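Down below is the structure, laid out as structure tokens.
Fair warning: this is a prediction, and the values are worked out from it, not measured in the lab.
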Amino acid sequence: MGLRVYNTLTKRKEEFIPLQPGKVRFYVCGITVYDFCHIGHARSAIVFDVIYRYLLHLGYEVTYVRNFTDIDDKIIRRANELGADYRAVAERFIAAFHEDMDALDILRPNAEPLATDHISTMIEIIEKLMAKGIAYQSGADVYFEVERFNGYGKLSGRSLEEMVAGARVEVDVNKRNPLDFVLWKGSKPGEPVWDSPWGPGRPGWHIECSAMGRCYLGETFDIHGGGKDLIFPHHENEIAQSEAAFEVPFVRYWLHNGFVNINNQKMSKSLGNFFIIRDFLKEVHSEALRLFVLSKHYRSPVDFTDENVAEAERGVEKLYGTLAVIKERAPVTTDIQVADPALQKQDPELYDLMLALPEAFKDAMDNDFNTALAIGHCFTLQRRLQRFLDQFGQKRLKGASAILAQRAAATLQEYSKVLGLLTRDPEVFFEEQRKLKIHSTGMTEEEVSRLIELRHQARLEKNFAESDRIRNELEKKRILLEDTPQGTRWRVGASTES
RNA sequence: GGCGGCAUACCCAAGUGGCAAGGGAGCGGUCUGCAAAACCGUUAUUCACCGGUUCAAGUCCGGUUGCCGCCUCCA
């Protein structure tokens, strides 16, 4: 069975059949560029990055578009605060966004269009809606009349009557129905302004995605993603605009990721309990964050606590630890050909697990991107591989055993990479991890190296009292030593304060 | 008030009707000058609770309780 995805529109898992065989047209709502991104954005970015990677892994030719909202009230407000042009604000936070995404190993989409580069397309769509009598001008604004669109509410699963009854909607004298939403708003003095058939103004928020989706992916496309919060009103309104204008289905599969909680509390700016990505990555490695996010299904809420994040850090260290052992004790040997039965004889269980991983991985991911299960399979192979390696003690592996170990490690890494995990050489990872963690200990790498050298001398003289004293001294700073045949390694232990 | 989701071991977590994945932590062991890492063993006759359907239910249906999200800018 092939890929099945949970479609918010139909509220069930469906077989994924792209419009055009072998090709996927994929749109994700990007950010409004007025501030730094927080870990909620990071979750969304990681989730859709993995979906993108998996579609590529399946062999699809994917056209992946993620927009920037570069004109809106918040950007204008921020520009006024800074005494800058709105474009300068947008540019600054687009640059910051790219830095953050690169730090998270997020693959770039094929296109990252700006809303302000597509004003003319937006105007065309609004004109269509005006011509059909679905949009109306009121004062300087143009609104979409929700009652004129039959399917309004089909994505978020509510009816117009219910929503009006709920009536937490601000009453606006300009609107025929309080749920009508703005397509074009007249600019106030001093605001950025574009010409339009309805006078000078700027676009409403929702219309940009209809326009850019249309421009880059066509009138109907396969996947539209975003955070759960965008279901209503943003995506509901996108559907209304696009389907009213073009009279074809807008999107086939709607995918929405769950939210981030901090210590079981909703992350929000008003509570002040949010972390921006760049600060978070000063403490935690990006692959640990990625493992953490992917350990839970993308539609569920995920709870950030120090303990949960620390668990993910240990998990990544464990996976890389095995890869490091392979590099040390089973170095690449290209000159020997070993038949598969000989490999299997080395360790049938490991051999079978290795061969079973591709299918197990696919089964998990095909089921609405069950990354948690896929990761579970990776850990199972890692543990079995490590067990195999341990049978040799500190000895190097040779011949068939080395080849089996390498192949198992290569399989593990190949599939982890589809999740954006284990993308580095193990030495690189551990070096990055040490650099990241050393700051919080108050030590420098040089100081640690010096103490390790002193301890090494003491150990050579069998002065174990002194060597243990040094170990304890470092341990108080959370620096833990590991003696190996290749020398003493160090790492920074988990922080004890919460 | 309306709509939707969730409840699995000490913690995180997967589980699409057929003996409850995986990770972390703890405990015992192997290894080690001592450690750490790693490995081995161990930790849910049971899936919030009550009924029902079924040969069979964590999984389906109904109800109860508890938690959460959306309905307003928000990933």
**Item:** A:Gln382 side-chain N/O to A:Leu412 backbone N/O, donor-acceptor pair under 3.5 Å
**Value:**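 No, the answer is negative, given that no donor and acceptor are paired below the 3.5 Å cut-off.
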
TODO: Using modelled atom types only, decide if a donor and an acceptor are shared between the side chain of A:Tyr253 and the backbone of A:Ile17 within a distance under 3.5 Å.
DONE: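 Yes, the answer is positive, given that a donor and an acceptor are paired below the 3.5 Å cut-off.
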
Taking atom [atom1] in both [N] and [M], what distance in whole Å separates the two?
| N | M | atom1 | result |
| --- | --- | --- | --- |
| B:G58 | B:A14 | C1' | 12 Å |
| B:G4 | B:U8 | P | 23 Å |
| B:C34 | B:G29 | P | 14 Å |
| B:G2 | B:G52 | P | 30 Å |
| B:C47 | B:A21 | P | 15 Å |
| B:A25 | B:A13 | C1' | 14 Å |
| B:C60 | B:C70 | P | 26 Å |
| B:C3 | B:G62 | P | 15 Å |

**Message:** Between A:Phe181 and A:Tyr143, is the ring centroid distance below 6.0 Å?
**Reply:**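 Here the rings of A:Tyr143 and A:Phe181 have centres that are no less than 6.0 Å from each other.
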
Any-strand Watson-Crick or G-U partner of [N], both distances under 3.5 Å:
| N | answer |
| --- | --- |
| B:U45 | none |
| B:G1 | B:C71 |
| B:G22 | B:C12 |

Measure from the side chain of [X], starting at C-beta and using heavy atoms only, and say which of [options] lies closest.
| X | options | result |
| --- | --- | --- |
| A:Ala372 | B:C39, B:A14, B:A37 | B:A14 |
| A:Leu230 | B:C34, B:C73, B:A75 | B:A75 |
| A:Ser300 | B:A14, B:G2, B:A36 | B:A14 |
| A:Trp205 | B:A38, B:C71, B:C73 | B:C73 |
| A:Asn257 | B:A75, B:C34, B:C74 | B:A75 |
| A:Asn308 | B:C12, B:G33, B:C70 | B:C12 |

What is the separation between atom [atom1] on [X] and atom [atom2] on [N], rounded to the nearest whole Å?
| X | N | atom1 | atom2 | result |
| --- | --- | --- | --- | --- |
| A:Arg383 | B:A37 | CZ | C1' | 13 Å |
| A:Met365 | B:U16 | CE | P | 17 Å |
| A:Leu291 | B:A14 | CG | C1' | 14 Å |
| A:Met267 | B:A75 | CE | C1' | 8 Å |
| A:Phe232 | B:G4 | CZ | C1' | 14 Å |
| A:Arg387 | B:G22 | CZ | P | 11 Å |
| A:His256 | B:C74 | NE2 | C1' | 13 Å |
| A:Leu323 | B:A38 | CG | C1' | 14 Å |

Categorize [X] for me: base, sugar-phosphate, or nothing, with a 4.0 angstrom heavy-atom threshold over every strand shown.
| X | answer |
| --- | --- |
| A:Arg491 | sugar-phosphate |
| A:Gln386 | sugar-phosphate |
| A:Gly157 | sugar-phosphate |
| A:Leu481 | base |
| A:His38 | base |
| A:Arg471 | base |
| A:Ser467 | base |
| A:Asp483 | base |
| A:Asn367 | base |
| A:Lys318 | sugar-phosphate |
| A:Gly226 | sugar-phosphate |
| A:Arg469 | nothing |
| A:Val260 | base |
| A:Asn370 | sugar-phosphate |

- Return the 5'-most residue of the pair A:Lys11, A:Glu311 with respect to RNA chain B, ranking by each residue's nearest nucleotide.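 Result of the comparison: A:Lys11.
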
Note to self: Assuming nearest nucleotide by heavy-atom distance, tell me which of A:Thr484 and A:Pro301 is located more 5' along RNA chain B.
What the structure shows: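 Residue closer to the 5' terminus by nearest nucleotide: A:Pro301.
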
Taking only the side-chain nitrogens and oxygens of [X], find out if one of them lies under 4.0 Å from OP1 or OP2 of [N].
| X | N | value |
| --- | --- | --- |
| A:Lys266 | B:C70 | yes |
| A:Trp490 | B:A36 | no |
| A:Arg314 | B:A25 | yes |

message = Salt bridge check, A:Glu81 against A:Arg78: does any charged N sit closer than 4.0 Å to a carboxylate O?
response =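 Salt bridge flag = yes for A:Glu81 with A:Arg78.
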
Could you tell me whether A:Asp483 and A:Arg471 make a salt bridge, using a distance below 4.0 angstrom between a side-chain N and a carboxylate O?
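Yes, this pair counts.
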
Cation-pi check for A:Phe392 against A:Arg329: NZ or CZ below 6.0 Å from the six-membered ring centre and within 45 degrees of the axis, yes or no?
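Cation-pi check for A:Arg329 and A:Phe392: fails.
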
Discussion item. Could you tell me if A:Arg299 sits above the aromatic ring of A:Tyr6, with its cationic atom closer than 6.0 Å to the ring centre and no more than 45 degrees from the axis?
Written reply: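 Judged by the rule (NZ or CZ under 6.0 Å from the ring centre, within 45° of its axis), A:Arg299 counts as positioned above A:Tyr6.
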
_Side chain A:Asp229 and base B:G69 donor-acceptor under 3.5 Å_ =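 Absent.
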
Check your understanding: Taking the inter-plane angle between the rings of A:His235 and A:Trp254 on a 0 to 90° scale, is it parallel (under 30°), tilted (30 to 60°) or perpendicular (over 60°)?
Key ->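 It falls in the tilted class, 30° to 60°.
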
Open item on the list: Can you classify the ring geometry of A:Phe280 versus A:Phe275 as parallel (below 30°), tilted (30 to 60°) or perpendicular (above 60°)?
Closed with: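 It falls in the tilted class, 30° to 60°.
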
message = Going by centres under 5.5 angstrom and planes under 30 degrees, do the aromatic ring of A:Phe379 and the base ring of B:G22 stack?
response =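 So no, this residue does not stack on that base, at least one cut-off failing.
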
